[in-house]
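Structure first, then comments.
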Amino acid sequence: MLDPSRLALFVGAALLLLVVPGPAVLYVVTQSVSQGRRAGLASVAGITTGTLVHIVAATIGLSALLASSALAFNVVKYLGAAYLIVVGIRRLAGLDQEERRTQAPRNHGRLYRQGIVVNVLNPKTALFFLAFLPQFVDPSRGAASAQILVLGLLFACLGLLSDGTWALVAGTLGARLRRSARLPQVQRYVSGSVFVGLGAAAALSAPVKQS
């Protein structure tokens with residue numbers, strides 16, 4: 001049983017973290033503006049699924065292993081950075097636009113899978129669960145792993161609501177913006193630059209040192 005006051009503090013802190021735009025929000029907004037609300041919600045579903053992967057990892061202790069291993073951290077970090085940069089380059093080159101014309105029926109499924117990869121290959125998410133969740137765990141109230149699981153699922157639900165709101169708002173505004181003849185080209189360069197920038201930031205983030 002979680003302490004109500006501790007739980008309320010966790011919800012407040014989680015909401016503060018979620019409302020600040022980060023890589024997941026930028027990804028969702030980019031897809032929503034360019035392809036509409038359904039595409040944005042598909043991206044949200046992928047991001048949330050990726051969050052669930054991190055929750056399971058945190059619950060069974062893999063996050064602790066990742067944080068303690070410089071090699072594991074760097075492998076995940078650079079894989080994630082490379083993926084984001086490749087996505088950005090493809091956007092800048094207009095390859096994604098061609099794919100949307102020739103593979104439209106698979107578009108939402110592709111966005112969902114891409115969202116999973118973006119969030120799973122984000123070492124900062126794993127480190128967030130390692131550093132943030134344990135602060136709200138009280139061993140005197142039961143198994144720590146069970147409390148981490150409950151808090152993680154709660155965080156995932158809050159993230160789903162937050163990211164879903166971003167998708168709906170951005171998708172609605174995007175429907176108006178897409179009427180502009182110049183928007184597709186501007187959006188291509190902006191979204192491509194965002195992905196490349198996120199990849200570069202991930203690559204340049206400091207690795208975890210061995211203790």
Side-chain angles (χ1 to χ4, degrees), residues 1-28 41-84 109 111-167 198 201-202 205-211:
M1 177 69 67
L2 295 171
D3 178 40
S5 61
R6 190 183 294 261
L7 184 60
L9 182 61
F10 172 81
V11 171
L15 288 174
L16 287 176
L17 291 170
L18 288 168
V19 297
V20 177
V25 170
L26 292 176
Y27 173 73
V28 169
L41 292 175
S43 301
V44 171
I47 291 294
T48 303
T49 302
T51 300
L52 295 177
V53 173
H54 285 290
I55 292 171
V56 173
T59 301
I60 64 178
L62 290 182
S63 292
L65 175 62
L66 176 62
S68 65
S69 171
L71 176 60
F73 180 88
N74 286 331
V75 168
V76 174
K77 181 181 72 171
Y78 290 121
L79 281 175
Y83 178 82
L84 292 173
L111 291 176
Y112 171 74
R113 293 189 295 271
Q114 184 172 279
I116 295 175
V117 175
V118 166
N119 214 20
V120 168
L121 293 181
N122 184 359
K124 290 185 178 179
T125 303
L127 295 175
F128 162 79
F129 279 105
L130 176 69
F132 184 73
L133 290 183
Q135 300 181 38
F136 298 89
V137 174
D138 185 357
S140 66
R141 288 182 171 268
S145 59
Q147 294 183 55
I148 291 176
L149 178 60
V150 172
L151 291 173
L153 291 174
L154 177 57
F155 179 82
C157 291
L158 293 173
L160 177 62
L161 293 175
S162 175
D163 292 341
T165 300
W166 279 107
L198 291 174
S205 62
V208 171
K209 297 180 180 180
Q210 291 281 12
S211 57

Shortest non-hydrogen pair, Val28 vs Ala167, comes out as CG1-CB, 3.7 Å

Hey, what do you get for OG1 (Thr51) to CG (Leu158), rounding to the nearest 0.5 Å?
11.5 Å

Is the backbone of Asn119 close enough, under 3.5 Å, to the side chain of His54 for a donor and an acceptor to pair up by distance?
yes

Can you give me the closest heavy-atom contact between Ile55 and Ala156, atom names plus distance?
CD1-CB, 3.8 Å

How about Leu154 and Leu7: do any of their side-chain heavy atoms sit closer than 4.5 Å?
yes

How long is the straight-line distance from CH2 of Trp166 back to CG of Leu41, given to the nearest 0.5 Å?
15.0 Å

Main-chain N/O of Ala45 paired to Thr49 side chain as donor or acceptor, under 3.5 Å:
yes

Are Tyr27 and Leu111 side-chain neighbours, meaning at least one heavy-atom pair lies under 4.5 Å?
yes

Report yes if the side chains of Leu52 and Leu153 come closer than 4.5 Å at any heavy-atom pair, otherwise no.
yes

The reported gap from OG1 in Thr59 to CD1 in Ile148 (rounded to nearest 0.5 angstrom) is 6.0 Å

Just to verify, what does Tyr112 make a ring pair (Phe, Tyr, Trp, His ring centres under 6.0 Å) with, not counting sequence neighbours?
none

